[in-house]
Amino acid sequence: MTTEGLDPAAPFVFREGRVALSIDLRTYRLTAVQKTAYRMAAQCTAVIREVRDHLLEVTLTFPPTTSERAALEAARLFFQELLDQELREKVGEETASLRALILAHAFSRAAVPRRG
């Protein structure tokens with residue numbers, strides 16, 4: 001494995017076609033991790049493992065032809081997408097009551113067709 005051009009403090013290591021990640025579930029929700037794994041499925045397979053002390057172990061597994069550089073970039077993009085998915089979850093949670101109110105109002109004004 002080469003580290004040319006990489007930050008020595010980089011948190012990702014590519015070994016045997018895989019990158020192991022630890023995701024803090026106090027920061028990111030499991031649903032956000034799952035949605036991220038789905039969004040990244042064209043680049044890698046995310047194997048979601050067990051939780052230990054608030055850390056979720058995820059292994060990104062890559063096709064045999066994937067270079068180290070591409071795998072490390074995918075790991076970086078995984079966290080970028082994870083942040084996006086977490087923020088979507090948070091906004092969805094924070095706006096749930098408002099969306100319900102808007103829907104209730106919309107349906108209260110809708111004409112109900114009569115049968116008969």
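Please read these numbers as outputs of a predicted model, since none were measured by experiment.
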* **Residues that Phe79 engages under ring-ring contact (aromatic ring centres under 6.0 Å, His included), provided they are two or more places apart** =>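 Testing Phe79 for ring-ring contact (aromatic ring centres under 6.0 Å, His included), a comparison that skips the adjacent residues, returns Phe12.
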* To do: Please list all pairs passing the salt bridge (charged side-chain N to carboxylate O under 4.0 Å, His left out) test where one or both residues lie in residues 34-48, with sequence neighbours left out.
  =>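 Non-adjacent pairs meeting salt bridge (charged side-chain N to carboxylate O under 4.0 Å, His left out): Lys35-Glu89, Arg39-Glu81.
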* **salt bridge (charged side-chain N to carboxylate O under 4.0 Å, His left out) partners of residues 91-107, not counting sequence neighbours, each pair once** => Arg29-Glu93
Please report the closest heavy-atom contact between [X] and [Y], naming both atoms and the distance.
{"X": "Ala75", "Y": "Val19", "result": "CB-CG1, 4.0 Å"}
{"X": "Ile48", "Y": "Val33", "result": "CD1-CG1, 4.2 Å"}
{"X": "Ala46", "Y": "Phe78", "result": "CB-CE1, 4.3 Å"}

* Structure fact -> Sequence neighbours excluded, the answer for side-chain contact (heavy atoms from CB on, under 4.5 Å) partners of Ala20 is none
* Residues in side-chain contact (heavy atoms from CB on, under 4.5 Å) with Ser97, at least two apart? -> none
* Asked: Do Val51 and Leu25 come close enough that some side-chain heavy atom pair is under 4.5 Å?
  ->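 Val51 reaches Leu25 side chain to side chain.
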* **Pairwise side-chain contact, Asp84 with Arg88, heavy-atom cut-off 4.5 Å (strictly under)** =>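 Side chain of Asp84 against side chain of Arg88, heavy atoms only: contact under 4.5 Å found.
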* Please answer: with hydrophobic residues joined when any side-chain heavy atoms are less than 4.5 Å apart, are Leu82 and Leu87 in the same cluster? => no
* Asked: Should Leu30 and Leu60 be counted in the same cluster of Ile, Leu, Val, Met, Phe, Trp and Tyr side chains packed under 4.5 Å apart?
  -> yes
* Please identify each residue that fulfils salt bridge (charged side-chain N to carboxylate O under 4.0 Å, His left out) with Arg18, with sequence neighbours left out. => none
* Counting only N and O atoms by type, is there a donor-acceptor contact under 3.5 Å from the side chain of Thr66 to the main-chain atoms of Phe62? ->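 No; judged by distance alone, with no hydrogens or angles, the pair does not exist.
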* **side-chain contact (heavy atoms from CB on, under 4.5 Å) evaluation trace for Thr61 with Val47** => CA-CA 7 Å; Thr61 304; Val47 180; 4.1 Å; yes
* Structure fact -> Taken to the nearest 0.5 Å, the spacing of Gln43 CD from Leu77 CG works out to 6.5 Å
* **Asp24 CG to Tyr28 OH distance, which is reported to the nearest 0.5 Å** => 9.0 Å
Residues 52-59, side-chain donor-acceptor partners within the protein, below 3.5 Å, at least two apart:
from	atom 1	to	atom 2	distance (Å)
Arg52	NE	Glu50	OE2	3.1
Arg52	NH2	Glu50	OE2	2.4
Glu57	OE1	Ser22	OG	3.2
Glu57	OE2	Ser22	OG	3.3
Thr59	OG1	Arg49	NE	3.2

* To do: Run through the side-chain heavy atoms of Ile, Leu, Val, Met, Phe, Trp and Tyr, join any pair under 4.5 Å, and report what else lands in Ile102's cluster.
  =>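 Leu98, listed by chain and number.
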